There are 2 protein chains.
Amino acid sequence: MDQISSKKVQILESALELIREKGFHGSPISQVAKHASVAAGSVYTYFESKDEMIFELYRYVKSEVLKEISEKDDPKKNFEDRFFDFWNNLTSLYQERVAFQSFLEQFTSSPYNTETMQLETDPWGRWTEAFFREGVESGQLRPLNPKILSMMVMGSVISLIRFRTYFKTKTASASQDLHLIPQMVWDGIKFQ
Amino acid sequence: MDQISSKKVQILESALELIREKGFHGSPISQVAKHASVAAGSVYTYFESKDEMIFELYRYVKSEVLKEISEKDDPKKNFEDRFFDFWNNLTSLYQERVAFQSFLEQFTSSPYNTETMQLETDPWGRWTEAFFREGVESGQLRPLNPKILSMMVMGSVISLIRFRTYFKTKTASASQDLHLIPQMVWDGIKFQ
DNA sequence: GATCCGTGATTGAACGTTCATTCAGTCATT
DNA sequence: AATGACTGAATGAACGTTCAATCACGGATC
């Protein structure tokens, strides 16, 4: 019953793709609707306003990321392995679904990301926090606030993806080195 | 002679502040002009269009950051000290001038950040790349492409600032741990 | 010193466009 | 025939940009 109507998802996915290409201003409802093969007016059957649509898109993307990453995590492994799984799964996901990463970045740095929005219950945020807390409690990570560890790791993932996206063509040499990044991050956060 | 007209700087600073508060859409030329105490039409004496104004703002902010950071760097010190100076100076700068960081993030993740824009000669980008190259060549950093090292460090700085901004009030405990971040980053990138 | 003129900067109302949103009408299903 | 989903043209507000009018000021003239 928590099933989201398929037309609603169609609209969200259409908005996601458009926003990746053109940003928030470059994505009028008329275009979003056209790409989703519905009429402009229909968008308002599913969302109160464009703003509300974008807030729901934010929740949607984070819930998709959570679904994907949490289901591939194996809590029975030791934490170091789980960390590299986490890293690889997240970078692959962002690589496959470029619009996820692009939308999240745009949203986060935009004024949509109000204080209210940040205080909203955030399953993905709580999951990552719990993940890193386990690392700390099992003694494999530095004894720091898991929010901070999480922030550092996520920041690196984002930097990496951005790097890959921007420097797709040139600097083939550099791309060799990219494999070393998760190790560097691990060396930074592990218990020494 | 390369002096930028003070009215032009007034407009840029006004736009910077407004964009930090309200983002690109929330910063119409009429408002930018009002905050800069000029008429809307005058903006077009200094910039061809709103887009061109935003591109110039991007160049302006990066040149200000370069000026500030490069003048405080002391190449005579050993690289580890220079790294911590770099870190502290950059975080302080972004803390003092919140609009710099906010604008750069919004710009980078927006469609303004076209391929053409990225190919433009970028003194700040070249400076940081040279900085990390020196670290590699002096044997104090891991032998990686300096672009990648630069990216990792900048990503962490940004994450830290974001963290500070968003979690200003709550989690006072966490803020103790924030001091440890540059050390963690250094442990990740130093030659082991 | 007072007055006038010319020039370039500055103004802000007006224009045309784009967009979010609405709603009267149409369609599909039962 | 009734119901509810769907449509897309119409509406009005907001915006980027233009440009005729005004202003500020330095020099020329008396």
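Side chains included, hydrogens not; waters and symmetry mates left out as well; all remaining heavy atoms used. Computed from a predicted structure; not experimentally measured. Each chain gets a letter, A, B and so on, in the order its sequence line appears, and its residues count up from 1.
Distance A:Lys7 NZ to D:dG4 C1': 13 Å, rounded to the nearest Å. Regarding A:Gln31, its CD atom lies at a distance of 15 Å from the C1' atom of D:dG8, rounded to whole Å.
Chain A approaches DNA chain C within less than 4.0 angstrom (heavy atoms of the protein), and the contacting nucleotides run 5' to 3' from C:dC19 to C:dT22.
Remark: side-chain polar atoms of B:Asp177 are paired, donor with acceptor, to backbone N or O of A:Asn145 under 3.5 angstrom. Checked by atom type and distance alone, the side chain of A:Gln106 pairs as donor or acceptor with a backbone atom of A:Ile19 at under 3.5 Å. The main-chain N or O of B:Val38 is never found under 3.5 Å from a side-chain atom of B:Ser42 such that the two would form a donor-acceptor pair.
In this structure, A:Phe47 reaches neither bases nor backbone, as no heavy-atom distance under 4.0 Å exists between it and the strands shown. Contact annotation for A:Val43: no contact, since no heavy-atom pair falls under 4.0 Å across all strands.
For A:Ser37, the side chain to side chain contact (heavy atoms under 4.5 Å, CB included) criterion is met by no residue, not counting sequence neighbours. By the salt bridge (charged side-chain N to carboxylate O under 4.0 Å, His left out) test, B:Lys50 is found to be paired with no residue, residues two or more places apart in sequence or in another chain being considered.
Using the six-membered ring where Trp is involved, A:Phe86 and A:Trp127 have ring planes that are parallel, under 30° apart on the 30 and 60° scheme.
Closest-nucleotide positions on DNA chain C for A:Gly41 and A:His25 were compared, and the one nearer the 5' end corresponds to A:His25.
At D:dA5, none of the side-chain N or O atoms of A:Thr45 fall inside 4.0 Å of OP1 or OP2 (strictly under the cut-off).
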